[in-house]
Amino acid sequence: MQALHQANALADTLQAVPNGIVNVLGYEQASVNLVLPDGDLVVAACAGSTAVESEIGGRVGSRAAWEQLLVAGEAWGDLRFVSHAEADTLRAVPHWSIEGPAPLYEGEWHPADRLFAPMYIPGVKGGSSAELLGVICVDRPRNNRLPDLEQRKLLQSYAFHAATAIRSSRLRANMQRALVRLEREQQALRASEESFRQAFEYAPGGMAIAEMGGDQHGRLLRTNDALCRLLGLSASAIRRYSFSDLVHPEDIGTLLRTSAEGGRAELRLARRDNSYVWVSLRNSVVADTTDGPRFLLTHVEDIEERKRNELQLAHRASHDSLTGLPNNDELRARLSARLCERPNAISVRETAVQILDKAFGGYEGGNGGGYDEPGYGGFNGTSGAGTGGGYGGAVEDYEPGYEPYDSYGDPAERAYQGDGFDLSSAPAPLDHHVHIVAPGPDPDDGSKGLAVLFCDLDGFKSINDRFGHRAGDAVLVESARRLGQGVRDGDTVARLRGDQFVILADQRNQAEAEDLTQRLRKDIINPIRIDGRAMRVGINIDISWAQCGRTADETLHAADLQMNDIKRSRHTNRRTT
């Protein structure tokens, strides 16, 4: 027993089992058949004869054959005895030679006799339902007689202790393998952590780890040197922030979508000097198998130069290369953004009148003064060009600029909203759009519009022909600068082509537009000094008005035609004079 339990390795314990049977229990031959993971049994150790060991060592017998053999054997307690008369049952399992003479007396051991001691897992009672660990096979008692009751009990007890020793040794072996595997995994983990640390710390791009979920969601837990240098902040200072604290206000929505979904985004982050730098964020969620997503690993790449190049390319595509003003395409884009397709064919006053006339045109009579205009009979209580009598309402209620007429913002809705009015024929209102109309001639009515000033330089061709294109270009650049200084912030000065410019001057009435043209003429007429020479050009400016219902091309084409008409008229007048 001591030898069984002192063995360290599983192979040593298995070999100690048959050794103890041969050396102590008085048998000349013994073997141990151990149950494999697939259920079959293998001859794991032998003792007593090297010839037997070489004959059956390592051989495998099926589980079914062993179970059949144990059932067929004679039960001696937990032991099973198979006599020479049933020797054929041994052929299905690994066995050694069974030849020999017949017994000479009763109780003599025959060479074909076999005694088996099943080994069951300790703690489980023996029997067919117990979990089998292996089977000990013994042969040839030294006294050449069948074992008596005492010998049987010793073998049965020995089999129990052998099972305990084998099981303990197997557990130790499994534990040792697990410890070795765990150590290897820990070494691999330490190596992986070190690799990640070095990759994180020494990465050429910025790296950050941010918390996910909870009250501290988005807080930066760790950053590398590259990110600190990019933002101009120390690692300890950055840990007081989250990305939402550093991102440009216009990019906060992009950041939130990226944090929630992972992936990548391009946005601006604040630096220590309050400037912003364009970066590309690539996020990946570090998940915990039990608690779900826990951290956000973010790679931050500096794309300031690329963004600057993109903006320069976009600026070049939309601006004139000589003057830096918006070009023809950009002018049309800005004008198109202000115009809708709804025509403004009738005035606000006429829209309301038409709706009211449609609702009440069939009623006669009425009293009270009213709006008297051909085509809208009865609004003054008398017959007009229309048919039927008038409604007889007070006209002030339907004049622009008075409540409730002017309180809605759309011509169809500004009319009276009572029961029975059908507003379906009125133009549909547009959400978030300021309808563009030409202002009225009366400066006191408060109406303002989008003035389109079509301009061309007067006398530019002679400068270009006389002094060359370099001087002409300088005149164009200076003229563009003066036009830009003469308008308000938010107005557009664009170069259309050659010496032609277009100005979009918003929120002007007729008088303000005229005043703007006068100031621009005075600014342009001032001498322009180029290479020591003073050169003068004038400017022709024509005012037209943008209106919804007309496209940008139609608006600019109409302004161009109007300017050509004015130039032809001036040329004709000069020739006549």
Side-chain angles (χ1 to χ4, degrees), residues 1-63 65-67 69-70 78-80 93-96 114-126 130-140 142 151 153-191:
M1 299 304 176
Q2 197 172 30
L4 284 177
H5 293 288
Q6 284 182 345
N8 293 321
L10 176 61
D12 295 339
T13 303
L14 291 173
Q15 187 60 52
V17 173
N19 288 347
I21 293 174
V22 172
N23 296 332
V24 178
L25 297 185
Y27 295 91
E28 294 183 1
Q29 187 66 43
S31 66
V32 175
N33 299 269
L34 188 66
V35 176
L36 295 172
D38 61 1
D40 291 340
L41 282 77
V42 62
V43 180
C46 295
S49 170
T50 55
V52 169
E53 183 176 357
S54 61
E55 181 181 357
I56 65 170
R59 290 180 56 187
V60 177
S62 69
R63 178 66 173 264
W66 275 103
E67 289 179 347
L69 176 64
L70 296 177
D78 287 340
L79 306 180
R80 295 292 183 271
V93 299
H95 63 282
W96 52 84
R114 293 291 184 276
L115 182 60
F116 299 98
M119 296 182 293
Y120 295 99
I121 292 178
V124 179
K125 290 184 178 180
E131 184 175 352
L132 186 67
L133 183 65
V135 179
I136 298 173
C137 178
V138 298
D139 187 18
R140 295 202 297 265
R142 283 194 173 86
Q151 290 176 309
K153 289 182 179 181
L154 284 175
L155 181 60
Q156 183 173 314
S157 176
Y158 185 82
F160 172 80
H161 285 279
T164 302
I166 293 173
R167 183 173 181 236
S168 298
S169 183
R170 177 179 283 177
L171 289 176
R172 284 195 302 271
N174 291 339
M175 183 177 296
Q176 289 174 351
R177 284 193 294 268
L179 289 174
V180 171
R181 184 169 59 251
L182 179 61
E183 178 61 25
R184 290 175 180 173
E185 292 175 353
Q186 288 178 341
Q187 290 177 354
L189 179 60
R190 287 192 292 268

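These figures come from a predicted structure and were not determined experimentally.
The two residues Ala44 and Leu34 have their closest heavy-atom pair at CB-CB, 4.1 Å. Of all heavy-atom pairs spanning Arg172 and Thr13, the tightest one is NH2-OG1, 4.4 Å. Closest of all the heavy-atom pairs between Cys137 and Arg114 is SG-CD, 3.9 Å. Between Ser54 and Ala51 the shortest heavy-atom distance is OG-O, 2.8 Å. In terms of heavy atoms, Asp139 sits closest to Tyr27 at O-CB, 3.9 Å. Nearest approach of Pro118 to Leu79, heavy atoms of both residues: CD-CA, 4.4 Å.
Side-chain contact between Ser31 and Cys46 is present, with heavy atoms from C-beta onward closer than 4.5 Å. Within the 4.5 Å cutoff, the side chain of Met119 has heavy atoms near those of the Ile136 side chain. Counting only heavy atoms from C-beta outward, the side chains of Val135 and Arg80 never approach each other to under 4.5 Å. Counting heavy atoms from C-beta outward, Tyr158 and Val17 have side chains that approach closer than 4.5 Å. Using a 4.5 Å heavy-atom cutoff, the side chains of Leu182 and Gln186 are in contact. Using a 4.5 Å heavy-atom cutoff, the side chains of Val22 and Arg142 are in contact.
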Arg63 and Leu132: side-chain contact (heavy atoms from CB on, under 4.5 Å), yes or no, with the steps?
CA-CA 10 Å; Arg63 178 66 173 264; Leu132 186 67; 3.8 Å; yes

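Although no hydrogens or angles enter the test, the distance criterion places a donor-acceptor pair under 3.5 Å between the side chain of Gln29 and the main chain of Ala47.
Within the model, atoms CG of Leu155 and NZ of Lys153 stand 13.5 Å from one another, a figure rounded to the nearest 0.5 Å. The CG atom of Asn174 sits 8.5 Å away from the CG atom of Leu10 when rounded to the nearest 0.5 Å. Here the straight-line distance linking atom CZ of Phe160 with atom CG of Asp78 works out to 10.5 Å at 0.5 Å rounding. Separating the CG atom in Leu41 from the CG atom in Leu133 is a distance of 9.5 Å, to the nearest 0.5 Å.
Of the residues listed (Arg184, Glu183, Glu185), the one engaging Gln187 in a side chain to side chain donor-acceptor pair (under 3.5 Å) is Glu183, and it is the only one. Among Val52, Asn33, Val93, Val60, the one residue that satisfies the side-chain contact (heavy atoms from CB on, under 4.5 Å) test with Val43 is Asn33.
Other residues, nucleotides and ligands contribute more than 12 heavy atoms inside 6.0 Å of the CZ atom of Arg190.
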